[in-house]
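Note that ligands are numbered from 1 as they come in the structure, with each ligand's atoms numbered from 1 the same way.
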Amino acid sequence: MIQDIFPHIYDNQAKEKPIQNGDMIFFFRENQVMLKENQEVYCYEDIQSVILNESFSTEHLRYCFNIDNKQVYIVDEVFHLQGEWQRVSVFRSIRPSYLGFVLITAYQLWLWHHNNHYCGHCGNKMDDSEKERAKICSNCGHIVYPTISPAIIVAITDKNRILLAKNVNSHTNNHALIAGYCEIGETLEETVHREVMEEVGLKIKNLRYYKSQPWSYSGSLLMGFFADLDGSDEIVLQKEELSEATWFDRSQLQKREVLDSLTSEMIDCFRENRF
Ligand SMILES: [Zn+2]
């Protein structure tokens, strides 16, 4: 999965040190990232050749975390840049693949900074907390932490069959699993049962937790479950959410070429009868 970057080491507790060559600097704007033409990321030593006609100081940099003892920064100002703006979906295909995780995680932090310049309670400008990764309002004391939204995905199985679906908003032709966000006051288990009933009208039983995955494109923390069908297999499709939901026999499943998502790994797990 995208966060499985061993032997690289992600350290989001490391304190900031003086910036040095080799530290990575990412420029983001809505849904886009600036990369070199060969899809390499920018480092500190590249900065002077990237920024056109404007003065730059390290005050514009915001420290995010540490990867393999290199510091990762985002830039909170808009500059005229030389380079190539690419859609953030490139993170899933960039090589080496661990950089995809570094970029997507920094992008989630950039979005959080970008969307929280002002206090949602009193409208004052927010400051960075000196104690923790948080923003704090010097006027009213309101504190905002990075948003992480819990969500579930569930592989519903019935002996040698698995239920796969397509979301109406999906940009790919790939099948996926039933998924949805947790509602206020709900346990994860209740979310799974509710989403399955809402989207395909099925009852399930024997819920087994599999793994989790941070999915920074949407600020989600996905929690994957397997579950057995309980009773009728007749699907009642929620057409506003899904364009298709179909039972597939294990032998019909093809090996997925990219296993960066929890969804892909779980479907592959079922295909190989591993869970
Ligand atoms: Zn405030």
I'd like to know if the side chain of Asp76 pairs up with that of His113 as donor and acceptor (distance under 3.5 Å, no hydrogens or angles considered). no

Taken by chain and residue number, the protein N/O/S atoms under 2.8 Å from the Zn ion (ligand 1) read Cys119 SG, Cys122 SG, Cys137 SG, Cys140 SG

Those residues at least two apart in sequence (or on a different chain) that pass salt bridge (charged side-chain N to carboxylate O under 4.0 Å, His left out) with Asp228 are Arg208

Distance-only donor-acceptor check, side chains Glu16 and Tyr73, under 3.5 Å
yes

Shared ILVMFWY cluster between Tyr181 and Leu111, side chains joined below 4.5 angstrom?
no

Practice problem: Give the C-alpha distance, both sets of side-chain angles, the deciding distance and a yes or no for side chain to side chain contact (heavy atoms under 4.5 Å, CB included) between Ile104 and Tyr217. | Solution: CA-CA 7 Å; Ile104 196 173; Tyr217 286 113; 3.3 Å; yes

Above 12 or not: heavy atoms from other molecules or residues under 6.0 Å from NZ of Lys70? no

